[in-house]
J.: 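Have a look at this one.
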Amino acid sequence: MVLTAQEKAGILVEALPYIKKFYGKIIVVKYGGHAMLNCELKRAVMTDLVLMKYVGMHPVVVHGGGPDISKMLKRLGKETSFVNGLRVTDAETMEVVEMVLGRLNKEITALINRLGGRAVGLCGKDANLVMATKKPGKVRLADGSEVEQDLGFVGRVTQVNPDLLLSVIQQGYIPVVAPIGLGPDGEGYNINADTVAGKIAEALGADKLIILTDVEGILSDPADKNSVISVLRVDDIPELVASGKISGGMIPKLECCAAAIKGGVKQAHILDGRVLHAILLEVFTDEGIGTMVLP
């Protein structure tokens, strides 16, 4: 479909209030899912970030890399196991995690730079950006009881020191962060990227946290993809979880959004990263897409 000049002008006029609203504001984007695997989607996400920077917003990217890590471990003949969605990470696996995330980090920064932006690749170890400790794990048995499970080098965030990010932002760059935390003895920890994105958004006082996923948003009817809940209040989340409408991998994503909101982030969004230019549709249009979480 070819747009007329008038239609293009209309799009720009619709975007103007949002450009004004978020000018100079920090928007943290958790980049993951299918949008990392499809070349067209990957390019669209990076283009969105570059555009946001050029109109005066300050995007910060936190990326995952689970599928690539699994693929590399398989190539090396190493078994992978998960506990409650978290990868059990021994010392050898942690080496692979850091290697793969480091490669992905540089690929993302390189693409942003090729598209006209200026990106800087970082990880949580840089300047003590993300401090972490070992995360305890539990497995639920058939009788409903829980037993402790050693997750290895899986971490939980204890502190985010945003000075490095703020310096990078102020100098006109887009920070791209790999979700590796630094332990008290200098060891690296593998941390869920959603969690890192939420904690960074809190530490930066971000206006928005955007989590890209492979679903349309939060559904009021899990069997109906058209039942997306456009606006969700933090206080509504426990009831939705208890009712079974929200389950599986969406629970930690919503919990991450709720924690960020309680930590001072003004809005959190769960968007379908399979949609081309999903970020622009949410940030710059009246309709928006996905689910917005508010206080």
J.: Does the side chain to side chain contact (heavy atoms under 4.5 Å, CB included) test come out yes or no for D207 and V265, once each step is laid out?
T.: CA-CA 6 Å; D207 267 52; V265 178; over 6 Å; no

J.: Would you say E14 has more than 12 foreign heavy atoms packed within less than 6.0 Å of its CD?
T.: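 More than 12 within 6.0 Å, yes.
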
J.: Within the distance-only criterion (no hydrogens, no angle test), does the side chain of K208 pair as donor or acceptor with the backbone N or O of H269 below 3.5 angstrom?
T.: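 No; judged by distance alone, with no hydrogens or angles, the pair does not exist.
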
J.: More than 12 foreign heavy atoms under 6.0 Å from CD of E7: is that the case here?
T.: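 Atom CD in E7 is packed in, count exceeds 12.
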
J.: Is there a side chain to side chain contact (heavy atoms under 4.5 Å, CB included) between L115 and R43 once you walk through the steps?
T.: CA-CA 9 Å; L115 292 171; R43 187 178 183 88; 3.4 Å; yes

J.: Less than 4.5 Å apart, any side-chain heavy atom of L280 and any of T47?
T.: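 Of all side-chain heavy-atom pairs linking T47 with L280, none is under 4.5 Å.
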
J.: Quick one: does T291's side chain have a donor or acceptor within less than 3.5 Å of a partner on I229's backbone?
T.: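 Looks like yes, one N/O pair under 3.5 Å.
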
J.: Hey, does L204 have a side-chain heavy atom less than 4.5 Å from the side chain of L165?
T.: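 Yes; the side chains approach each other to less than 4.5 Å.
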
J.: Between CD1 of I211 and SG of C256, what distance do you get to the nearest 0.5 Å?
T.: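 Rounded to the nearest 0.5 Å, the CD1-SG separation comes to 4.0 Å.
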
J.: Is there a continuous path of hydrophobic side-chain contacts, each under 4.5 Å between heavy atoms, that joins V196 to L166?
T.: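 The answer is yes; both residues are in one hydrophobic cluster.
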
J.: Is a side-chain donor or acceptor of S227 paired with a backbone partner of D224 at a separation under 3.5 angstrom?
T.: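 Such a contact is found between S227 side chain and D224 backbone.
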
J.: Which atom pair, heavy atoms only, marks the closest approach of A132 to P184?
T.: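 Minimum heavy-atom separation between A132 and P184: O-CD, 3.4 Å.
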
J.: May I ask you to decide if A35's main-chain N or O and N38's side chain share a donor-acceptor pair within less than 3.5 Å?
T.: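 The answer is no, because no donor-acceptor pair under 3.5 Å joins these two groups.
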
J.: Could you measure the distance from the CG atom of L129 to the CD1 atom of I180? Nearest 0.5 Å is fine.
T.: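 Going from CG on L129 over to CD1 on I180, the span is 11.5 Å.
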
J.: Without swapping roles, check the side chain of R87 against the backbone of G66 for a donor-acceptor pair under 3.5 Å.
T.: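 Looks like yes, one N/O pair under 3.5 Å.
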
J.: Taking K125 first and then E98, would you say they form a salt bridge - that is, a charged N and a carboxylate O separated by under 4.0 Å?
T.: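 E98 and K125: salt-bridged.
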
J.: Using modelled atom types only, decide if a donor and an acceptor are shared between the side chain of T158 and the backbone of T133 within a distance under 3.5 Å.
T.: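 Looks like no, no N/O pair under 3.5 Å.
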
J.: As an exercise, state the distance from CD of E95 to CG of L76, rounded to the nearest 0.5 Å.
T.: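 Between atom CD of E95 and atom CG of L76 there are 10.5 Å.
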
J.: Please report the closest heavy-atom contact between A258 and V234, naming both atoms and the distance.
T.: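 So the two residues come closest at CB-CG1, 4.0 Å.
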
J.: Taking the six-membered ring of Y173 as reference, does the NZ or CZ atom of R118 fall below 6.0 Å from its centre and within a 45° cone about the axis?
T.: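 Yes, R118 sits over the ring of Y173.
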
J.: Which heavy atom of G198 sits nearest to which heavy atom of A260, and what is that distance?
T.: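 Here G198 and A260 meet closest at O-CB, 4.2 Å.
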
J.: Indicate yes or no for a side-chain donor-acceptor contact from S167 to the backbone of D163 under 3.5 Å, with no hydrogens or angles considered.
T.: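 A pair under 3.5 Å: no.
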
J.: Any chance you could lay out the side chain to side chain contact (heavy atoms under 4.5 Å, CB included) test for R156 and I191, step after step, and finish with the verdict?
T.: CA-CA 6 Å; R156 63 179 183 85; I191 309 177; over 6 Å; no

J.: Other than L37, which residues form its hydrophobic cluster under the rule that side-chain heavy atoms must be closer than 4.5 Å?
T.: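 Cluster partners of L37: none, it stands alone.
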
J.: Provide the closest heavy-atom pair for E202 versus A259 in the form atom of the first, atom of the second, distance.
T.: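 Heavy atoms of E202 and A259 come nearest at OE2-O, 3.4 Å.
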
J.: Who passes salt bridge (Lys or Arg N to Asp or Glu O under 4.0 Å) against R274, sequence neighbours left out?
T.: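 By the salt bridge (Lys or Arg N to Asp or Glu O under 4.0 Å) rule, R274 matches E216, D272.
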
J.: Side-chain contact test, heavy atoms from C-beta onward, threshold under 4.5 Å: evaluate it for H63 versus L104 and give yes or no.
T.: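 Yes, their side chains come closer than 4.5 Å.
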
J.: So do L294 and Q267 actually touch side chain to side chain, heavy atoms under 4.5 Å?
T.: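 A side-chain contact under 4.5 Å exists here.
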
J.: Minimum heavy-atom separation for F82 and S70, please, with both atom names.
T.: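 Minimum heavy-atom separation between F82 and S70: CZ-OG, 4.4 Å.
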
J.: State the OH-CG distance between Y189 and L151, to the nearest 0.5 angstrom.
T.: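 Interatomic distance, Y189 OH to L151 CG, rounded to 0.5 Å: 11.0 Å.
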
J.: Checking N161 against Q159: is there a side-chain donor and acceptor pair closer than 3.5 Å?
T.: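 Short answer, yes.
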
J.: With ILVMFWY side chains joined below 4.5 Å, transitively, what does L182's cluster contain besides itself?
T.: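 Direct or chained contacts put L182 with M131.
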
J.: Please round to the nearest 0.5 Å and tell me the distance separating atom CD of E282 and atom OH of Y18.
T.: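 These two atoms lie 9.0 Å from each other.
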
J.: Take L164 and D126 through the test side chain to side chain contact (heavy atoms under 4.5 Å, CB included) and record every step on the way to the result.
T.: CA-CA 8 Å; L164 174 61; D126 295 321; 3.9 Å; yes

J.: Would a single hydrophobic cluster contain both F284 and V50, if residues Ile, Leu, Val, Met, Phe, Trp and Tyr are joined by side-chain heavy-atom contacts under 4.5 Å?
T.: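 Yes; F284 is reachable from V50 via cluster members.
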
J.: Within the structure provided, determine whether I69 and L73 are in side-chain contact (heavy-atom separation under 4.5 Å).
T.: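 Result yes, sub-4.5 Å side-chain heavy-atom pair found.
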
J.: Measure the shortest side-chain to side-chain distance between Y31 and M46 over non-hydrogen atoms and say whether it is less than 4.5 angstrom.
T.: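 In short, these two side chains touch, coming nearer than 4.5 Å.
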
J.: May I ask you to list the residues sharing a hydrophobic cluster with V228, side-chain cutoff 4.5 Å, ordered by chain and number?
T.: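 So far as hydrophobic clustering goes, V228 is joined with L219.
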
J.: Decide, yes or no, whether a salt bridge links D90 with K78 under the criterion of side-chain N to carboxylate O below 4.0 Å.
T.: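 Salt bridge flag = yes for K78 with D90.
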
J.: Determine whether more than 12 heavy atoms belonging to other residues, nucleotides or ligands lie under 6.0 Å from atom NZ of K225.
T.: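 Incorrect, the count does not exceed 12.
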
J.: Any sub-3.5 Å donor-acceptor pair from N105's side-chain atoms to L122's backbone N or O?
T.: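 Indeed, once roles are kept as given, a pair shorter than 3.5 Å links the two residues.
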
J.: Side-chain heavy atoms under 4.5 angstrom apart, residues restricted to Ile, Leu, Val, Met, Phe, Trp, Tyr: same cluster for I270 and V60?
T.: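 No; V60 is not reachable from I270 via cluster members.
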
J.: Is L271 close to V275 at the side-chain level, that is, under 4.5 Å between some pair of heavy atoms?
T.: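 The answer is no; the side chains never approach within 4.5 Å.
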
J.: List the atom pairs, with distances to 0.1 Å, where a side-chain N or O of residues 20-30 and a protein N or O form a donor-acceptor pair under 3.5 Å, not counting sequence neighbours.
T.:
unit_1 : atom_1 : unit_2 : atom_2 : d
K30    : NZ     : D194   : OD1    : 3.3

J.: Do the side chains of D68 and R103 get nearer than 4.5 Å, heavy atoms only?
T.: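 With C-beta onward as the side chain, the pair touches.
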
J.: Group every Ile, Leu, Val, Met, Phe, Trp and Tyr by side-chain heavy-atom contacts under 4.5 Å, then state whether I112 and I210 land in the same group.
T.: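 Both belong to a single hydrophobic cluster.
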
J.: Kindly give the heavy-atom pair with the smallest separation between P162 and A203, and that separation in Å.
T.: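 That closest heavy-atom pairing would be CG-O, 3.8 Å.
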
J.: Under 3.5 Å, is there a donor-acceptor pair between the D214 and H34 side chains?
T.: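 On atom types as modelled, these side chains do not qualify, holding no pair under 3.5 Å.
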
J.: Calculate, to the nearest 0.5 Å, the distance between atoms CE and CE belonging to M99 and M94 respectively.
T.: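 Reported value, rounded in 0.5 Å steps: 12.0 Å.
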
J.: Who else is in the cluster with L41 when I, L, V, M, F, W and Y are joined by side-chain contacts under 4.5 Å?
T.: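 L41 shares its hydrophobic cluster with L276.
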
J.: Should V283 and I169 be regarded as members of a common hydrophobic cluster, given that ILVMFWY residues are connected when their side-chain heavy atoms come within less than 4.5 Å of each other, either directly or indirectly?
T.: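 As far as the 4.5 Å side-chain criterion goes, I169 and V283 are connected within one cluster.
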
J.: If we count only N and O atoms by modelled type, under 3.5 Å, do the side chains of S243 and E239 hold a donor and an acceptor together?
T.: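 Side chains of S243 and E239: no pair found under 3.5 Å.
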
